[in-house]
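Okay, so here's the structure we're looking at.
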Amino acid sequence: MPAIPEGSLVLVTGASGFIAAHLCSVLLINGHKVRGTVRSAEKGEYLKRLYDGVGDFEYVIVEDIADPHAFDEAVKGVDGIAHTASPFYLDAKTHDELLKPAIEGTVNVMRSAQEFNPHLKRLVITSSVAAVVDPSPRGAKHAGGPPYTMNEEDWNEYSPRVVEEKGVDAPGSDKYRASKTLAERAAWKFMEDNHPSWDFATINPPLVFGPVIHQVESPEKLNTSVASFWSYIEGKKTDDDLKESGGNWVDVRDVAYAHYAALTTPAAANQRFIVSNGPFNGQDIVDIIHSFPDQSKRFPIVPVGKPGAGEEINKKATVFSGHKAEKVLGVEYKTLRVCVEDMYKSLEEKFDEKHVPDHRI
Ligand code: NDP
C-alpha cells in the first residue's frame, strides 16, 4: 500500500500534547499540512503561534475523544492520521477514566475514518511499551531473571487481567498499562474485522523525555514523563531512588520522527514499532544534572548517589528493543545527555524564575 503523498494533509489528534506538538512540527517542516485536534481554542491558538512561519497548521476542537462522533468532521479530506490523544497519568481513581477514552477514542477515530474518508492512506496510533511489557511479579518470560529483551512480538497480558480482577483497586500503573494494551488490541481487531482500504501502524515508546514545546504554564502541569524528570530538579528524589532501573527511555524528537516515518514509509504498513533507546536510571539523570555549569550551587538538593554507577544498573534491566524502528523507519536515537540537556534548557526558558528552582545559596 502507498504511504501518504508529499505535501498532503495529516490529522494529528491531541495536538496540544507533549509528543504531538513535536510531531506537528516534523510534519510541517517536511512540507505536510497539519490539522490538529485540541480541547480548547486557547490551545489551538497557542499552536498556531508556535507554527507561524513553519507551515500550514489549522486546528479543530474535539472536546472528548470518547464521544462516538468526535472525529466525524476532523477526518474528512486528510491523507494520513496520527492518533496520539489518550490520557496518561498513573493515579487514576477509576479504571474507566483511562480505559474509556483510550479504547473508545481509538475505535472512534478508526470508525470515522472508514465512514467519512475514502481517500485515507495510513493511520498511525501512539501506543506504548505499556502494551508490550510483562509487568507480572514473576512473568513467565522473566522467569530466568533479567536482563530480558522484549520486542514487537510481545504483549502485556497481565495488566488487563489485573484491572478486570481488581477493578478500581488495581494499581494505577496497571490501569494505565491496561488502557494502552486494550486500546491497541481494539485497533488491531478493527483492522481484522473491517479490512479498511488504508493501512495502519503503531508506535510503542517507553518513557519519553526531551524538550517541551507545547503549552504548559507551570511544572505542576507538566505531562507525566517530563514531570518525572522535573522531580529530580525539584529535589524530590533521594539517593535510594537512584538505585533502581527507571525503565527504558527515548527522546521525544525521535518519537515524533518515528510517527512521521510510519506515515510516509511504505514498508511500515501494518507493523508495530517499539521506539526505544534502552534502559536508564535515576543515577544517569543526576550525573547529567550535576554536570551542568555551576551545578554544585544550583542543585545542592539533587542527590549525588554514586556517580557512574548507572551503567551496572542498566545491565540488569529489561530492554525494549528499538532496532526495528532504526531499520524500517530510519530512527537515529539521540543520547540521554543531549536529551536531558535540551529538556532542561526548554523548561528553564519556559517557566519564569519563580518556577525554576535555583537553589543557589
Ligand atoms: P500529553 O498528556 O502531553 O498529551 C495527551 C494529549 O491527549 C493532549 O493533547 C490531551 O489534551 C489529549 N487528551 C487526553 N485525553 C483526552 C480526551 N478525553 N479528549 C480529548 N483529548 C484528550 O501526553 P503525551 O504527549 O506524553 O502522550 C501522548 C500519547 O503518547 C498518549 O497516547 C500516551 O499514552 C503515549 N505515550 C506517552 C509516553 C510518554 O512517556 N510521554 C510513553 C508512551 C506512550 P489536553 O492538552 O487538553 O490535556
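The analysis underlying the following values was restricted to heavy atoms, covering all of them including side chains, and did not include hydrogens, waters or symmetry mates. Counting starts at 1 for both ligands and their atoms, following the listed order.
At the top of the distance list for atom 45 (P) of ligand 1, counting protein heavy atoms only, stands Lys43 NZ, 3.4 Å. Ranking the protein heavy atoms by distance from atom 36 (N) of ligand 1 puts Tyr176 OH, 3.8 Å first. Atom 3 (O) of ligand 1 has its closest protein heavy atom at Phe18 N, 2.9 Å. With respect to atom 12 (C) of ligand 1, the closest heavy atom belonging to the protein is Ala85 CB, 4.0 Å. Of all protein heavy atoms, the one closest to atom 42 (C) of ligand 1 is Pro206 O, 3.0 Å. With hydrogens left out, the protein atom closest to atom 41 (N) of ligand 1 is Ser225 OG, 3.0 Å, a heavy atom. Nearest non-hydrogen protein atom to atom 18 (N) of ligand 1 is Asp64 OD1, 3.4 Å. For atom 14 (C) of ligand 1, the closest non-hydrogen atom of the protein is Arg39 NH2, 3.6 Å.
Taking every non-hydrogen atom of Thr84 and a distance limit under 4.0 Å, the qualifying atoms of ligand 1 come out as 28 (C), 29 (C), 31 (C), 32 (O). The contact set between ligand 1 and Thr126, taken as ligand atoms under 4.0 Å from a residue heavy atom, comprises 29 (C), 30 (O), 32 (O), 35 (C). Distances below 4.0 Å separate heavy atoms of Asn223 from the following atoms of ligand 1: 3 (O), 26 (O). Against a heavy-atom cut-off of under 4.0 Å, Phe88 is close to the following atoms of ligand 1: 37 (C), 38 (C), 39 (C), 40 (O), 41 (N). Which parts of ligand 1 touch Glu63 is read off a 4.0 Å heavy-atom cut-off, strictly below it: atoms 19 (N), 20 (C).
Below 3.5 Å of separation, one finds an N or O of Val208 facing an N or O of ligand 1. Looking at ligand 1, you'll find an N or O of Ser16 within less than 3.5 Å of one of its N or O atoms. Considering backbone and side-chain atoms together, Ser128 places no N or O closer than 3.5 Å to any N or O of ligand 1.
For the pair Arg272 and Trp188, the NZ or CZ position fails the cation-pi test of under 6.0 Å to the six-membered ring centre and within 45 degrees of the ring normal.
A distance-only check finds a donor-acceptor pair linking the side chain of Asp64 to the backbone of Ala66 [under 3.5 Å].
Placement of Val10 and Phe273 within a single hydrophobic cluster is found when ILVMFWY residues are connected by side-chain heavy-atom separations under 4.5 Å, directly or transitively.
A heavy-atom separation below 4.0 Å is not found between Ala70 and ligand 1. Using 4.0 Å as the threshold, Phe209 has no heavy atom nearer than that to any atom of ligand 1. Residue-ligand proximity: Gln215 is placed with every non-hydrogen atom at 4.0 Å or more from ligand 1. At a 4.0 Å cut-off, at least one heavy atom of Pro205 sits close enough to ligand 1 to count as contact. Ligand 1 is approached by Ser127 to a heavy-atom distance shorter than 4.0 Å.
In this structure, His32 and Tyr260 have perpendicular ring planes: the angle between them is above 60°, well past the 30° mark. Classification of the Trp230-Tyr344 ring pair by plane angle, with boundaries at 30° and 60°, yields parallel.
No side-chain donor from either of Asp240 and Thr238 sits under 3.5 Å from a side-chain acceptor of the other.
Taking the side chain as every heavy atom from C-beta outward, Asp72 and Ser112 approach each other to under 4.5 Å.
Salt bridge present: Arg185 and Glu157 bring a charged side-chain N and a carboxylate O closer than 4.0 Å. With salt bridges taken as basic N to acidic carboxylate O contacts below 4.0 Å, none links Glu164 and Arg161. Under a 4.0 Å N-O distance rule, the pair Lys189/Asp193 qualifies as a salt bridge.
Proximity of the aromatic rings of Phe280 and Phe209 is defined here by a centroid distance below 6.0 angstrom, and this criterion is met.
Nearest-heavy-atom check against atom 19 (N) of ligand 1 across Asn204, Thr37, Val212, Ile65 picks out Ile65. The closest heavy-atom contact to atom 4 (O) of ligand 1, among the options Gly14, Gly17, Ala131, comes from Gly17. Here atom 27 (O) of ligand 1 lies nearest to Ile19 when heavy atoms of Ile125, Ile19, Val12 are compared.
Shown are Ser127, Ser179, Ser128; of these, the side-chain hydrogen bond (donor to acceptor under 3.5 Å, both in side chains) with Glu184 is made only by Ser127. Partner of Asp342 under the salt bridge (Lys or Arg N to Asp or Glu O under 4.0 Å) criterion, chosen from Arg253, Arg337, Lys334: Arg253.
At most 12 non-hydrogen atoms from other residues, nucleotides or ligands lie less than 6.0 angstrom from CD of Glu63.
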